[in-house]
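The structure appears below as structure tokens.
Order of the sequence lines sets the chain letters (A, B, ...), proteins ahead of strands, with each chain counted from 1. Given the structure is predicted, the values throughout are model-derived calculations rather than measurements. In what follows, every heavy atom counts, from backbone to side chain, and hydrogens, waters and symmetry copies are set aside.
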Amino acid sequence: MAAVQICEAEKVYIMHGVRDDLRVDGRGCEDYRHMEIETDVVSNTDGSARVKMGYTDILVGIKAEIGKPRPMVPDEGYLEFFVDCSANATPEFEGRGGEELGSEISSTLYKVFSNRNSLDMKALCIAPGEHCWVLYVDVLLLQCDGNLLDATSVAIKAALFSTRIPKVHISEDEEGTKELELSDDPYDCMRLEVEDVPCIVTLCKIGHRHVVDATLQEKACSMASLLISVTRKGTVTCIRKVGGGSLDPESIFEMTETGKRVGKALHAPLMKLLQEEEMLGKKKQKVGFLG
Amino acid sequence: MAVDMRLPAARRQVASLSAAQEKHLVVPGDIITTDVGFMRGHGTYMDEEKLTASVAGEVERVNKLICVRPLKTRFNGEVGDVVVGRITEVQLKRWKVETNSRLDSVLLLSSVNLPGGELRRRSVEDELAMRDYLQEGDLISAEVQSVFSDGALSLHTRSLKYGKLGQGVLVQVSPSLVKRQKTHFHNLPCGASIIMGNNGYIWLYPTPGQQDEEAGGYYTSLEPISLADREVISRLRNCILALTAHKVLLYDTSVLYCYESSRPHKIKNILKPEIMEEIVMETRQRLLEQAG
């Protein structure tokens, strides 16, 4: 991960600040930075979203393709994740430098979305055993300023909300061969149910307390972090520990409780914002990358 | 526990309060003048008898010399500049310091004050003990002593006010936003101290007590700082970021005015776009009144 070098004295300052619940930028231990979310930024995808949190900038594009369903579950579609750490973010990601981080993030996303209840996979089925929708989710890290997974999960949820999959009509001709016809009407499309898609909360342990939405400097002071994916009802779908330090079972319990609380509070404002954006329709001011 | 999500808003052009002079702004490729009588300075090149800009910035004209001063650039050091830098490497008889310039700056072992303040020739033991004084990752404040032929800066900390920095917060801004002043070390009346490095690195730290004044940076106190001091430092940090976002020149007065305008708001709310705009407008107003 793009890490910053900080000295002992700065680390001590940050740790004492976290202990007193006043972080360097004035936030409390459970406050997120100001987030800006925009959907439909990439025109040739079926759904896209861009999330800016501090200086962290994540772009997600979703393309729906017709493919063969997995043999174990013939009546469901599936998701494929690919995370690209752009060299834009830091020179360390040049060439193959960002591959390690990218594969780490994508394996976490696979784990989070492997839960049967997050997304209705049966809705992605066209013809059981033969055709189904495969959603290729591409995540592009444009700028890294800490807390990549939280921003990525919010961006994926927003992109899934804005995804429009064209409706398919299966027609059989005389010889019995099936033909798939995609509807030409751009408004005749299927939307996905994203109510139960989880959001990831990263909690970093600094000293004896833990913080949400750590910046790169705070990350450099923490030895271990916990990744929790939480749905809107507060159910935990996946927990992962990252980092070289050890975590006490007591602190894991406390951090999980905080994660549940914070994660639950993420969903309501996000859905409200996405619905608000949709209501604006044509009146929406497209900001994109040059705003 | 607050979550603030919103749709992005396009940046609005803030109406210029002082319409005194129209600035001549150029982007790379813009023709500055076709008059052949001018000498070309930094940031320009000759393209078929026409003087063209090679960087994005403001055109400066001094008699017959035309140069373009870029808005966002790496730090180009001059002798006498005060910089805040981070040690990246410990080499033989010198340290490499990162100062946001094109090349890492150099801090020679002979340019630092030895502990105890003795004036003696540096011995082999001093060379071996370099890491005990300054390690990789440490922050220092120093002054530019000279510039090497390749453009790298040679720093020195041969004064008690320079040296290793203790507890505090580093804010990184563009070097072009830091105003050149007589002194770059300020003890702000709001209760914190600030070092404004010409290289864009600004260091905020709690005002040291009387007894620490002459320490010279050898003893880093790791005592917890009081909550009141922390609040002042966090508020200053957010104010500096707000001023940077609106491209206001940074110097002690502008930072102080911004701090005072931000008093009614909560520290963490200062970075919200609408509150940033409000605070910076007020600061600009006060600065104009003070100047005019």
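At a 4.5 Å heavy-atom cutoff, the contact between Asn238(B) and chain A is made by side-chain atoms alone. Residue Ile270(B) does not touch chain A at all, counting heavy-atom pairs closer than 4.5 Å. Of the atoms belonging to Glu98(B), not a single heavy atom falls under 4.5 Å from chain A. At a 4.5 Å heavy-atom cutoff, the contact between Glu231(B) and chain A is made by backbone and side-chain atoms alike.
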Take Arg237(B) and Val24(A), measure what side-chain contact (heavy atoms from CB on, under 4.5 Å) needs, and give me the verdict at the end. CA-CA 8 Å; Arg237(B) 176 209 182 256; Val24(A) 163; 3.6 Å; yes

Assess the residue pair Arg6(B) and Ile37(A) against the criterion (side-chain contact (heavy atoms from CB on, under 4.5 Å)); give the C-alpha distance rounded to whole Å, side-chain angles, the decisive distance to 0.1 Å, and a yes or no. CA-CA 6 Å; Arg6(B) 58 180 73 187; Ile37(A) 303 168; over 6 Å; no

Dump the intermediate steps for side-chain contact (heavy atoms from CB on, under 4.5 Å) on Met35(A) and Asp4(B), then the final yes or no. CA-CA 6 Å; Met35(A) 274 191 251; Asp4(B) 173 40; over 6 Å; no

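Lys268(B) has its side chain within reach of Asp31(A): a pair of non-hydrogen atoms, C-beta onward, lies under 4.5 Å apart. Within the 4.5 Å cutoff, no side-chain heavy atoms of Gln217(A) are placed close to those of Val169(B). Side chains of Leu22(A) and Leu227(B) form a contact here, defined as non-hydrogen atoms less than 4.5 Å apart. Contact of the Pro273(B) side chain with the His34(A) side chain is registered, since non-hydrogen atoms from C-beta on lie closer than 4.5 Å.
Within a 6.0 Å sphere centred on CD of Glu250(A), other residues, nucleotides and ligands contribute 12 heavy atoms or fewer. At most 12 heavy atoms of other shown residues, nucleotides or ligands fall within 6.0 angstrom of atom CD in Glu94(A). Residue-environment remark: CZ (Arg102(B)) stays at or below the threshold of 12 foreign heavy atoms within 6.0 Å. Under a cut-off of 6.0 angstrom, the local environment of CZ in Phe185(B) is crowded, with over 12 non-hydrogen atoms contributed by other residues, nucleotides or ligands. Other residues, nucleotides and ligands contribute at most 12 non-hydrogen atoms within 6.0 Å of the NZ atom of Lys264(A).
Here salt bridge (Lys or Arg N to Asp or Glu O under 4.0 Å) pairs that include residues 5-15 of chain A, with residues two or more places apart or in two chains, are Glu10(A)-Arg86(B). For the side chain to side chain donor-acceptor pair (under 3.5 Å) condition, the pairs that include at least one residue of residues 13-25 of chain A, sequence neighbours left out, are Arg23(A)-Glu218(A), Asp25(A)-Arg27(A).
Taking Arg230(B), Gln135(B), Met5(B), Gln167(B) one by one and counting their heavy-atom pairs under 4.5 Å with chain A, the maximum is reached by Arg230(B). For chain B, the option among Ile14(A), Leu270(A), Ile6(A), Leu273(A) with the highest count of heavy-atom pairs below 4.5 Å is Leu273(A). Taking Thr88(B), Ile233(B), Leu271(B) one by one and counting their heavy-atom pairs under 4.5 Å with chain A, the maximum is reached by Ile233(B).
In plain terms, the two heavy atoms of Ile87(B) and Gln5(A) that are nearest each other are O-OE1, 3.9 Å. Shortest non-hydrogen contact noted between Pro8(B) and Glu38(A) is CG-OE1, 3.6 Å.
Once rounded to the nearest 0.5 Å, the distance linking CG of Leu170(B) with SG of Cys7(A) reads 9.0 Å.
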